Amino acid sequence: MTDICGDFRRLVIAALEDLIGEGALPRELPLSRVAVEPSREAAHGELSTNAAMVLAGPLRQNPMALAERIAGALRGRELETGDYRGRGFWVAAVRPGFINIRLAPEAWHAQLRAILAMGTHFGDSDLGGGERANIEFVSANPTGPMHVGHGRGAAFGDALAALLEKAGFAVTREYYINDAGAQVDALARSVHWRYREALGERVGAIPEGLYPGEYLVETGEAMARRDGRKWFGRPEEAWLAPVKDFAIAEMMALIRADLEALGIRHDLFVSERELIDSGAVEESLAALEKGGLIYTGVLEPPKGKPPPEDWEPRPQTLFRAARFGDDLDRPLRKSDGSWTYFAVDIANHREKFRRGFNNLIDVWGADHGGYVKRMQAVVSALSDGKATLDVKLIQLVHLFDKGQPVRMSKRAGTFVTLREVVEEVGKDVFRFIMLTRRNDQTLDFDFAKVTEQSKDNPVFYVQYAHARAASVMRHALEAFPLEALSDEALAGAPLERLTDPSELALLRPLALWPRVVESAAQAHEPHRIAFFLQEVAAEFHTLWTKGKEEATLRFILASDRELTLARLALVRGLALVVASGLAVIGVEPVEEM
RNA sequence: GUCCCCGUAGCUCAGCCGGAUAGAGCAACAGUUUCCUAAACUGUGGGUCGCAGGUUCGAGUCCUGUCGGGGACGCCA
């Protein structure tokens with residue numbers, strides 16, 4: 001293992017078991033709450049454990065006295081991992097009952113050696129144990145090109161997928177195509193309109209309720225090229241289905257290209273229409289019916305401000321969502337007899353579970369928040385509680401340019417597509433910026449700021465750290481032309497020469513990378529990776545600058561080959577961890593800028 | 001009316017499973033450039049964690065209430 005906190009947690013547990021073995025502590029202690037964490041304050045050592053604090057209660061003992069005893073037991077132990085064997089650490093019980101741990105520098109050096117040995121695989125975890133996880137994300141309606149909000153969901157979902165992969169899950173990236181219902185019918189009508197236009201008919205302005213976007217002009221023309229006048233002047237019943245098929249295929253190609261521009265590829269595309277046609281919806285509802293979870297009833301009118309004018313109490317088919325924590329039972333059929341979106345989505349989620357996934361994650365726009373409880377209710381009901389669904393809601397992106405809001409209106413034709421943004425700023429900038437806020441926080445995206453080459457721009461700042469590291473390595477080759485500077489060779493460098501506090505200040509966060517991966521994966525929060533990278537980059541820039549002020553701290557010292565090698569090892573360690581983090585976010589590390 | 005999210009420094013935001021004196025960037029102020037990329041760095045000031053209760057040895061974090069902002073509430077997806 002390379003997770004230093006995990007290693008020390010095992011040590012603490014072993015010490016506690018020693019005390020239990022000696023009869024000094026009773027069996028059946030709630031050890032699960034014992035944690036080892038990096039200290040926030042340097043004065044508190046480097047790691048600390050709450051062991052005495054959490055056990056004092058159940059044991060009805062004074063936490064400080066207990067901390068002393070545990071600290072004593074810790075002093076008598078040696079870490080079992082080879083990496084630390086024979087290397088010192090100091091423990092101290094302190095004030096309310098924390099136990100602080102300070103490591104000999106050699107322990108940190110061992111972590112650097114691990115980074116160099118594992119490369120960008122440093123930080124990989126077996127947290128997931130190979131278990132399968134399904135992430136459904138983007139799932140934009142196939143009615144037009146993606147917009148920036150979809151892009152945020154895409155960047156988030158793909159990063160979360162990569163994060164879970166790094167944490168040891170077998171991940172499937174799913175796209176659920178909403179290719180049934182009124183919206184794709186409107187799409188088909190819009191394309192038919194453009195098709196008539198392409199065939200030379202004077203159609204005038206496109207009617208209300210259809211999609212006015214220019215992008216459909218081309219689709220109409222393509223339709224005309226493929227089918228000629230086949231659907232011209234025919235009634236809608238004749239052309240709706242084939243035009244719809246054509247239009248959806250075109251739109252999905254468009255969306256896939258948008259995703260491709262972001263470097264995102266889904267493993268699985270699930271079609272809403274196919275779920276309906278295959279009878280999967282009936283099957284799913286039959287399964288619920290069996291559990292007595294479906295009935296016919298009348299719902300109260302919605303309590304919203306404007307009571308819907310066409311509202312009438314009507315018996316409908318309902319799922320007992322309220323039994324599973326939802327606020328209301330939920331309808332499955334529309335008044336025309338067709339399935340509600342919810343009914344088909346039940347089948348969608350049942351299929352995920354049937355494909356063998358117990359870890360389900362959906363990434364939705366924040367405006368779908370009202371839908372979360374019912375979907376979780378379904379997953380709980382259908383899997384008998386075995387599967388869990390986590391829904392990540394993505395807040396809006398507000399576009400700015402030099403501080404001025406970019407006003408978007410489909411009607412005025414000032415709508416900015418995802419593609420335009422990505423072409424303007426690049427996919428790396430886009431993907432990184434999308435993770436500089438939590439998913440449930442709105443995000444301001446300023447074209448001027450995100451492309452600015454300054455420390456105020458987090459993408460640049462992190463990229464620059466990687467490029468700067470590469471630059472140091474190039475210079476090192478000039479200074480020591482014959483040296484082998486491979487990672488393998490650097491792992492053999494005399495790392496014990498890294499003793500300066502500012503060097504250790506960089507080394508410590510690098511060593512904590514595996515822990516960041518695990519906690520971010522557990523919380524399903526990829527933004528933590530972006531924040532971590534900014535911290536690490538800051539630490540590196542600080543160290544670099546110290547070298548400017550104090551020549552002895554420079555990475556390359558022609559007079560001291562050994563120290564140079566040790567410092568180059570640190571520089572490479574930084575570059576590898578940054579590259580590893582950027583890989584999760586889907587950003588290419590650059591060698592120079 | 002009900003449900004969900006948010007409220008932390010002047011601004012934009014982090015804050016892990018409840019833990020020690022609540023952090024970062026920007027802005028403000030004071031500095032650093034013959035030197036591995038100054039495209040950067042160092043330091044200072046700045047807080048009733050919306051408010052009020054509660055649980056706990058301990059609350060920004062959990063619970064209840066309340067105020068403010070956003071979103072959602074059968075036949076849109």
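Model, not experiment: these values are computed from the prediction. Just so we're on the same page: letters track the sequence lines, and every chain starts at 1.
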**Fill in**
Of A38(B), G19(B), C16(B), the nucleotide closest to the side chain of W544(A) is A38(B)

**Asked** Closer than 4.0 Å, any side-chain N/O of R438(A) to the OP1 or OP2 of G15(B)?
**Response** yes

**Request:** For the residue pair Y371(A) and Y341(A), categorise the inter-ring angle as parallel (less than 30°), tilted (30 to 60°) or perpendicular (more than 60°).
**Result:** tilted

**Request:** Would you mind telling me which of C41(B), C36(B), C16(B) lies closest to the side-chain atoms of I556(A)?
**Result:** C36(B)

**Request:** Could you pick out which residue, P331(A) or W339(A), lies toward the 5' side of RNA chain B when each is mapped onto its nearest nucleotide?
**Result:** P331(A)

**Request:** Answer with base, sugar-phosphate or nothing: what part of the nucleic acid does V94(A) contact at a heavy-atom distance below 4.0 Å?
**Result:** base

**Message:** Tell me whether R374(A) forms a cation-pi arrangement with F342(A), defined as NZ or CZ under 6.0 Å from the six-membered ring centre and within 45 degrees of its axis.
**Reply:** yes

**Request:** List the steps, then state whether ring-ring contact (aromatic ring centres under 6.0 Å, His included) holds for F156(A) with H527(A).
**Result:** CA-CA 8 Å; F156(A) 174 91; H527(A) 74 275; 8.4 Å; no

**Prompt:** Considering only heavy atoms and no angle criterion, is a donor-acceptor pair shorter than 3.5 Å present between the side chain of N100(A) and the base of A20(B)?
**Reply:** yes

**Request:** Say whether Y176(A) and D362(A), considering side chains only, have a donor N or O and an acceptor N or O under 3.5 Å apart.
**Result:** no

**Y371(A) vs C5(B): side-chain N/O to OP1/OP2 distance below 4.0 Å** = no

**Request:** Would you tell me if any nitrogen or oxygen in the side chain of R468(A) comes within less than 4.0 Å of OP1 or OP2 on A38(B)?
**Result:** yes

**Pair of N/O donor and acceptor under 3.5 Å linking A38(B) base with T545(A) side chain** = no

**Prompt:** Is any N or O donor-acceptor pair between the side chain of S335(A) and the base of C75(B) shorter than 3.5 Å?
**Reply:** yes

**Message:** Between A77(B) and H368(A), is there a base-stacking contact, meaning the centre of the base's six-membered ring lies under 5.5 Å from the residue's ring centre while the planes stay under 30° apart?
**Reply:** no

**Request:** Answer with base, sugar-phosphate or nothing: what part of the nucleic acid does Q441(A) contact at a heavy-atom distance below 4.0 Å?
**Result:** sugar-phosphate

**Asked** Taking only N and O in the side chain of K548(A), is any of them less than 4.0 Å away from OP1 or OP2 of C41(B)?
**Response** no

**Message:** Does E300(A) reach a base, just sugar-phosphate, or nothing at all? Heavy atoms under 4.0 Å.
**Reply:** nothing

**Message:** Does A35(A) reach a base, just sugar-phosphate, or nothing at all? Heavy atoms under 4.0 Å.
**Reply:** nothing

**Message:** If I take atom CZ in residue R374(A) and atom C1' in nucleotide A77(B), what distance separates them, rounded to the nearest angstrom?
**Reply:** 12 Å

**Prompt:** When we call it a touch if two heavy atoms are under 4.0 Å apart, what does G547(A) touch: a base, just sugar-phosphate, or nothing?
**Reply:** base

**Asked** Does T340(A) place a side-chain N or O at less than 4.0 Å from the phosphate oxygens OP1/OP2 of C76(B)?
**Response** no

**Message:** Strictly below 4.0 Å: does Q463(A) bring a side-chain N or O up to OP1 or OP2 of A39(B)?
**Reply:** no

**Asked** Going by the angle between their ring planes, with limits at 30° and 60°, are Y464(A) and F460(A) parallel, tilted or perpendicular?
**Response** parallel

**Message:** Between C1' on A77(B) and NZ on K334(A), what's the gap in Å once rounded to a whole number?
**Reply:** 9 Å

**Prompt:** Can you tell me if T143(A) and Q183(A) form a side-chain donor-acceptor pair at under 3.5 Å?
**Reply:** no

**Asked** What about H527(A), does its side chain sit under 3.5 Å from the base of A14(B) through a donor-acceptor pair?
**Response** no

**Message:** Over all strands shown, is D336(A) touching base, sugar-phosphate only, or nothing at heavy-atom distances under 4.0 angstrom?
**Reply:** nothing

**Request:** Indicate, with a heavy-atom threshold strictly under 4.0 Å, whether Y461(A) touches base, sugar-phosphate, or nothing.
**Result:** sugar-phosphate

**Request:** Using a heavy-atom cut-off of under 4.0 Å over every strand shown, decide if A366(A) touches base, sugar-phosphate, or nothing.
**Result:** sugar-phosphate

**Request:** When you get a sec, tell me which of C76(B), U37(B), G71(B) is the closest nucleotide to the side chain of D367(A)?
**Result:** G71(B)

**Request:** Could you check which of A38(B), A20(B), C16(B) has an atom nearest any side-chain atom of H44(A)?
**Result:** A20(B)

**Prompt:** Parallel, tilted or perpendicular: which describes the rings of H147(A) and H150(A), with under 30° parallel and over 60° perpendicular?
**Reply:** parallel

**Request:** Can you figure out which of C26(B), C16(B), C13(B) approaches the side chain of F531(A) most closely?
**Result:** C13(B)

**Request:** Mind checking S471(A) for me? I need base, sugar-phosphate or nothing, with any heavy atom below 4.0 Å counting as a touch.
**Result:** base

**Request:** For C57(B) and A20(B), measure between their C1' atoms and round to the nearest Å.
**Result:** 13 Å

**Whole angstrom value for the distance that separates P of G15(B) from CD of Q534(A)** = 12 Å

**Request:** Would you classify R528(A) as touching base, sugar-phosphate or nothing, given that sugar-phosphate means primed atoms plus P, OP1 and OP2, and contacts are heavy atoms under 4.0 Å?
**Result:** sugar-phosphate

**Asked** To the nearest Å, how far apart are L332(A) CG and A77(B) P?
**Response** 14 Å

**Prompt:** With a 4.0 Å cut-off on heavy atoms, is K546(A) in touch with a base, just the backbone sugar-phosphate, or nothing at all?
**Reply:** nothing

**Item:** Nearest-nucleotide pick for S519(A), side chain only, options being A77(B), A14(B), C16(B)
**Value:** C16(B)

**Message:** Suppose you measure atom P in G7(B) against the same atom in C11(B); what distance do you get, rounded to whole Å?
**Reply:** 14 Å

**Any H475(A) side-chain N or O less than 4.0 Å from OP1/OP2 of U37(B)** = yes

